[in-house]
Amino acid sequence: MKLIFLGPPGAGKGTLAAGAVDILKVPHVSTGNIFRGAIAARSELGLRVKSILDSGKLVDDETTVALVRERLAGDDASGGYILDGFPRTIPQAEALAGFSAVDRVVNFDIPDEAVLERLGGRRTCKNCGALFHVLFGKPRREGFCDSCGGELFIRDDDREEAVAERLEVYRKQTAPLIGYYRKKGLLLDVDARPGAEIVLENFRKVLGI
Ligand code: AMP
C-alpha cells in the first residue's frame with residue numbers, strides 16, 4: 001500500500017509510521033529523517049540544508065522531490081511505502097503524482113495547543129531517530145534510546161521559535177494539501193489527539209486493515 005501521512009508537526013506521524021510499518025511491511029520514508037541523516041553525516045546536502053531545518057522553514061521543492069524520487073525507486077519501496085513529511089507543498093504533490101500513484105492519504109488532525117505541548121517535550125535519538133516524550137513516551141533509561149541506546153537530544157527545530165515557524169509554514173504551505181487530496185477522493189481523517197496506541201487502532205479501522 002502506498003500511503004502519505006499528512007498533518008502538522010507534532011501530530012505523531014513519525015511515531016505512528018513506526019507502528020504502521022510493522023503492520024504493512026513497507027518502508028517508512030521520512031524526508032525529515034533523510035535531511036537529519038545528511039546533516040549528521042556532514043554531506044554536501046546536509047551542509048546545505050542545516051540552517052533551513054534549524055529555522056523551521058522548508059527545503060526547496062526541487063531538492064526534496066529529487067530525494068524522494070530516488071528513495072522510492074529503491075527495491076524495498078516497489079510494493080508500497082509510508083511517506084511521512086512529504087509532500088509538504090502543492091508543487092511537491094504534483095511532482096509526486098508524476099512518478100508514483102498513492103493509494104491513500106491519512107490526515108492526522110490535531111489542534112495547535114496539543115502540537116505545542118507535544119513538541120516542547122519531544123526527545124529524538126541522535127543515532128536512529130526514534131522519538132520519545134518527557135511526559136507521554138518516556139524512555140526506560142532517561143536520556144537514552146530504548147531501541148539502540150543512542151543519546152537523546154532536543155532538535156533545534158523543536159525549540160519554541162522554530163515550532164511557531166513550523167506551524168505557520170504548515171498552515172500556509174502544507175494544509176492546502178488536505179483539500180487537494182480530499183478532492184481526489186484519497187483523504188482519510190484520523191483524530192491524532194489520543195495516545196499513540198489508540199491512534200494506531202483508529203488508523204487500522206479507517207484503512208480497514
Ligand atoms: P520533519 O521531521 O518532517 O518535521 O521535517 C523536519 C524539517 O525537514 C522540516 O521543518 C523542513 O525543514 C525539512 N523538510 C522535511 N520534509 C520536507 C519537505 N517535504 N519539503 C521541504 N522541507 C522538508
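Note that this is a predicted model, so its numbers are computed, not measured. Because only heavy atoms are used, hydrogens play no part in the values below, and waters and symmetry mates are left out as well, while side chains stay in. As the structure lists them, so they are numbered: ligands from 1, and atoms in each ligand from 1.
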- Could you list which atoms of ligand 1 come closer than 4.0 Å to a heavy atom of Gln92? 18 (C), 19 (N), 20 (N), 21 (C)

- Note on the structure: Nearest non-hydrogen protein atom to atom 10 (O) of ligand 1, with distance, is Lys57 O, 3.9 Å

- Sub-3.5 Å donor-acceptor pair from the side chain of Lys50 to the main-chain atoms of Phe35, do we have one? no

- Message: Please list the nearest protein heavy atom to atom 16 (N) of ligand 1 with its residue and the distance rounded to 0.1 Å.
- Response: Thr31 OG1, 2.7 Å

- Message: Less than 4.0 angstrom from a charged side-chain N to a carboxylate O is my criterion; do Asp76 and Arg71 meet it?
- Response: yes

- Item | Shortest protein contact, atom 7 (C) of ligand 1 (heavy atom only) | Leu53 CG, 3.6 Å

- Judged by non-hydrogen atoms, does Arg155 sit under 4.0 Å from ligand 1? yes

- Query: Nearest to atom 22 (N) of ligand 1, what protein heavy atom do you find, and at what distance?
  - Reply: Val59 N, 3.1 Å

- Note on the structure: For Arg166, the atoms of ligand 1 under 4.0 Å from one of its heavy atoms are 4 (O)

- Considering only protein heavy atoms, which is closest to atom 23 (C) of ligand 1, and at what distance to one decimal place? Phe35 CE1, 3.7 Å

- Do other residues, nucleotides or ligands put more than 12 heavy atoms under 6.0 Å from Glu62 CD? no

- Query: Got a sec, which pairs hit salt bridge (charged side-chain N to carboxylate O under 4.0 Å, His left out) with one end in residues 104-115, sequence neighbours left out?
  - Reply: Asp112-Arg171

- Message: Using modelled atom types and a 3.5 Å cut-off, is there a donor and acceptor pairing between side-chain atoms of Lys138 and backbone atoms of Leu135?
- Response: no

- Which part of Thr64 is near ligand 1, with near meaning a heavy atom under 4.0 Å away: side chain, backbone, both or neither? side chain

- Is Arg123 salt-bridged to Asp158, going by a charged N under 4.0 Å from an acidic O? no

- What residues form a ring pair (Phe, Tyr, Trp, His ring centres under 6.0 Å) with Tyr181, not counting sequence neighbours? none

- Item | Protein contact of atom 6 (C) of ligand 1 - nearest heavy atom, named by residue and atom, plus distance | Arg36 NH1, 3.5 Å

- Task: Starting from the C-alpha separation in whole Å, work towards a yes-or-no answer on ring-ring contact (aromatic ring centres under 6.0 Å, His included) for Tyr81 and Phe86.
- Result: CA-CA 12 Å; Tyr81 49 75; Phe86 181 93; 9.6 Å; no

- Taking only heavy atoms of Asp157 into account, list the atoms of ligand 1 that are under 4.0 Å away from them. 6 (C)

- Measure the distance from atom 9 (C) of ligand 1 to every protein heavy atom, then report the residue, atom name and distance (to 0.1 Å) of the closest one. Arg88 NH2, 3.8 Å

